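Notes to accompany the following structure.
Given the structure is predicted, the values throughout are model-derived calculations rather than measurements. Sequential numbering from 1 along the given sequence is applied to the chain's residues.
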Amino acid sequence: MYGLIMTDQSMPKLKARYVPNNADERTSSIIVWLNKIEKSKLSVAKFLGKHPVPFTRSQYYLYNKKLRESGESGLHDKRSEGGNRKLSAESEAFIVGCVESNPDISPKWLQEAVNKRFGLILSPSGVTRVLQRLYLDKEKRTRGRPKRKDEEEILHNSCGGFEFIVALAYYLGWPQMTADAIKDAVKSLKRTKTFRSSDSYSDKKARDKLGRFTTQYNQREDIRRNRFESITEKRRQKNWKSMNVIRDGIKTIQRKSLAILSLPVVTMNGGIRTVDSALGQELKHFAGFDYKQNSLTKYLNELKYLGVSERLLESMVKFWSKCWGSEMKDLSHRSFLCYYIDGNTKAIWSSKRVKQNKVTMLGRVMGCLEHVFIHDTFGRAVYFETYSGHGPCGEHILEMFEKIEGAIEDVPGSRTSVTRVLVMDGASNSVRTLRAFASQQKYHYITLLDDNQWKERKIHSIGRPKRYRYGKATLREIVIELEDSQEKGYLVRTRGIKINWDNGKTTVLLTSLPMETTGSSEIVQSYFNRWPAQELQFKGMKSATSLHRVAGYGKQEIKDERVAERQAHATMMINKLKEILKNPLEDMRVHEESIAKLIPKERYLRKQSEISHGKRKLPEELMERLNSYGKKIQSHEREIKKIEKEHLDHFRLLRKHRREWLRLQGKETVYKVDVELDQIVTFHRVSLAHLYAYFIKHFLGGDLISMTNLLHKVIHIHASIKETADARKIILDYNKKDTLMMQKLSGAIKKINALNVIGPQGKRMEFSLETSLS
């Protein structure tokens, strides 16, 4: 049979899988029982009911038929060879010989050859299944005409400019850093007793046979009730071994992290809900795999359960401090470095009573999450923390700096220690904050004094006027005394600078920097550089990376201690005032009871009356009775007011505390929003902002271009992609309307190609710009 097929020794040999076809114990057992039934005098039904026969009555007749028609071979179990098989061993051997002689042979040719030689009619899908069964490792044959080996596959990416950011991320090692932090968290989890015993928490109720979630599972009462519970509560009954991130390799985690990094580009708003839309298909270019919404949602949920945000933030500080290290050398000559403290408030629309704060962009007090950011001298985010409701400022900023001081302590090229100054807005200048800074020597502050805190009589001493070197104003050194509102009588003296602008406005700055080392003009300039250096960049960062969007959250019900204290105080004051007003209240109660008795009588008469042309119509006798009731009620009300006037202040306080007590009813608990998921997503968004800034600085020549303009002019450029076995060629469209940016992009392409970056597909990324057309 093989004599008709020419074998090419140069072709790779594919190993076929063969299935043995020998009689087994099952066949012998069936024959023995068939013989016993035939020899028995009992009917088939009675025999089967009396003896432990390993088959049913219907199977008995089937086995008898197969034994008569095909003999013993008809009883062999052929399920492992496939049900209803058309191919014999000889025809399978023929197919094996054909494929080994030519691995690229088409299923259509095999279909016709088997039909011509053996008379068997196989469908195209049947031939494909035979090949998949015989050759488990054989790659699927692509449809259409076979491509030449030198032919390149052409793909299209509507956001081709983002390939620069992906290449930059791999060059700097961001995916590797992120994956290492997550894997470290997984290793720490595997060493715990909770992980080893988590199998006992497996919940398969209302899931399908494969353990997947179903509609019935989501409608379970306990699932619906606990869906938005705190992650802390959910972790107690989590089956850790069911999470994919436990089994995922480093490369898979890198790709998924890149997909999360790309969300602000492929979804336009940073959310996951629109990943399955048209633009979301570009994930296959950025992450090396076309992830769906469900995959990314599960990945983020698993990171949330893992509690990896703290590790990611620690790694972020060290990573970007190392990447931006060369920039810090330019600051080695300065006497002090500024770090800007700023917040970002994001509204939460929830029917529950969650912690609240003023949401600036909406101009209202409501439930929210607040980020507290630390920015370096260049306005780049160094570190952040997320809080439910109002984020702690002031003295808590020093606690944040303690977590990152190891990464920011050294300035390359500086021969002496550099003083670090925290520039804060007016919301952070409480006396408690000034006291916290005075208790240490490592950090100084510059902050604005609110207008409502400024009084001339608070000045302890005032210096001579000096002109401001960098603007139109006159400066005067002052020493001002401030009182701690939380501790009456505690005074603090601090250095201040009074700024009298030439346009008539007055501003006062507070600082802890000593007068001998730092002049007033440098301090004023450092504070007002906050807008161009940090605020403006932070504004663009929010829009370009969707930093203002809430990623998702759970809620944990906690006791509101402030409300409990106010309720207790209101109750105490009510009881105290009732004791003071015991006699007046008793007198008032007599009049109120009299009024309560008269009101039903008055109402009864009103029901009998009619209103015509605005006048009440009632018989004269009844009208007199109605008027008398009204006069009596007014008389009692006058007596009550008379009693209240004798104790006017006490009654005013009693009404005030009663209103307060009623207002606080039902507010004994408040929901604290989980920040774990939001911190994980914000980590990716801040990293994206760093990558944008790094690309602008080192590849576009450091020109003044905002992240929003970068998004419009570079990231959204369409690209054609040609892939070979070892290279991924990204050809960007030339924008004739923006020749200046195309010139800059040409220089950036030369720089990034020189790095020989290996991207997420495992291929070298090569960039080029399409030849401009006149």
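- For the residue pair His718/Asp733, the side-chain donor-acceptor check at 3.5 Å is satisfied.
- Thr739 contributes no side-chain N or O that, together with a main-chain N or O of Lys736, makes up a donor-acceptor pair within less than 3.5 Å.
- The two atoms that bring Phe195 and Leu189 nearest to each other are CB-O, 3.2 Å, heavy atoms only.
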Thr252 vs Arg247, side chain to side chain donor-acceptor pair (under 3.5 Å): CA-CA, chis, key distance, verdict: CA-CA 10 Å; Thr252 302; Arg247 300 179 293 274; over 6 Å; no
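- When every heavy atom of Phe286 is checked against every heavy atom of Val266, the shortest pair comes out as CE1-CG1, 3.6 Å.
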Verdict with reasoning, Tyr291 to Ile272, per side chain to side chain contact (heavy atoms under 4.5 Å, CB included): CA-CA 11 Å; Tyr291 289 106; Ile272 298 182; over 6 Å; no
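- Side-chain atoms of Thr178 and Ser257 form no donor-acceptor pair, as typed in the model, at a separation below 3.5 Å.
- Rounded to the nearest 0.5 angstrom, Leu710 CG and Ile696 CD1 are separated by 4.5 Å.
- Side chains of Thr377 and Tyr340: a donor-acceptor N/O pair is absent below 3.5 angstrom, by distance only.
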Verdict with reasoning, Gln534 to Asp342, per side chain to side chain donor-acceptor pair (under 3.5 Å): CA-CA 9 Å; Gln534 182 264 326; Asp342 203 355; 3.0 Å; yes
Stepwise salt bridge (Lys or Arg N to Asp or Glu O under 4.0 Å) check, Glu302 with Lys304: CA-CA 5 Å; Glu302 289 178 350; Lys304 178 180 67 173; over 6 Å; no
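- Just one residue in the list Glu676, His371, Lys346 forms a side chain to side chain donor-acceptor pair (under 3.5 Å) with Thr386, and that residue is His371.
- The two residues Ala748 and Phe695 make their nearest non-hydrogen contact at CB-CZ, 4.3 Å.
- Residue Val308 forms a side-chain contact (heavy atoms from CB on, under 4.5 Å) with just one option from Val245, Val186, Leu303, and that option is Leu303.
- At least one donor-acceptor pair under 3.5 Å links the side chain of Arg530 to the backbone N or O of Ile341.
- Separating the NZ atom in Lys284 from the CZ atom in Arg255 is a distance of 15.5 Å, to the nearest 0.5 Å.
- Here His285 contributes atom NE2 and Arg728 contributes atom CZ; the two are 6.0 Å apart, rounded to the nearest 0.5 Å.
- In summary, the aromatic rings of Tyr339 and Phe401 are positioned with their centroids under 6.0 Å apart.
- Taking CG of Leu312 as the reference point, atom NE2 of His684 lies at 6.5 Å (rounded to 0.5 Å).
- Shortest non-hydrogen contact noted between Met366 and Ile348 is CE-O, 3.7 Å.
- A donor-acceptor pair shorter than 3.5 Å can be found between the side chains of Glu385 and Tyr387.
- At most 12 heavy atoms of other shown residues, nucleotides or ligands fall within 6.0 angstrom of atom OH in Tyr171.
- For Lys751, the NZ atom counts as densely surrounded, since its 6.0 Å shell holds more than 12 non-hydrogen atoms of other residues, nucleotides or ligands.
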Working for side chain to side chain contact (heavy atoms under 4.5 Å, CB included), residues Val421 and Leu337: CA-CA 6 Å; Val421 180; Leu337 294 180; over 6 Å; no
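- Two rings, from Phe164 and Phe699, have their centers 6.0 Å or more apart.
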Full working for side chain to side chain contact (heavy atoms under 4.5 Å, CB included) between Lys403 and Tyr383: CA-CA 9 Å; Lys403 299 177 182 178; Tyr383 183 73; 3.6 Å; yes
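- For the residue pair Asn344/Glu370, the side-chain donor-acceptor check at 3.5 Å is not satisfied.
- Looking only at side-chain heavy atoms (C-beta outward), Lys187 and Arg191 come within less than 4.5 Å of each other.
- For the residue pair Asn157/Glu163, the side-chain donor-acceptor check at 3.5 Å is satisfied.
- Looking only at distances, no side-chain donor or acceptor of Asp248 sits under 3.5 Å from a matching main-chain atom of Ile253.
- Heavy atoms from other residues, nucleotides or ligands lying under 6.0 Å from CD of Gln525 number more than 12.
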Intermediate values then yes/no, side chain to side chain contact (heavy atoms under 4.5 Å, CB included), Glu770 and Leu732: CA-CA 6 Å; Glu770 183 186 36; Leu732 298 163; over 6 Å; no
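- Atom CG of residue Leu261 and atom CG of residue Leu691 lie 6.0 Å apart, to the nearest 0.5 angstrom.
- Side-chain contact of His690 with Trp324: a donor-acceptor pair under 3.5 Å is present, judged by distance alone.
- Side chains of Thr267 and Arg273: no donor on one and acceptor on the other come within 3.5 Å.
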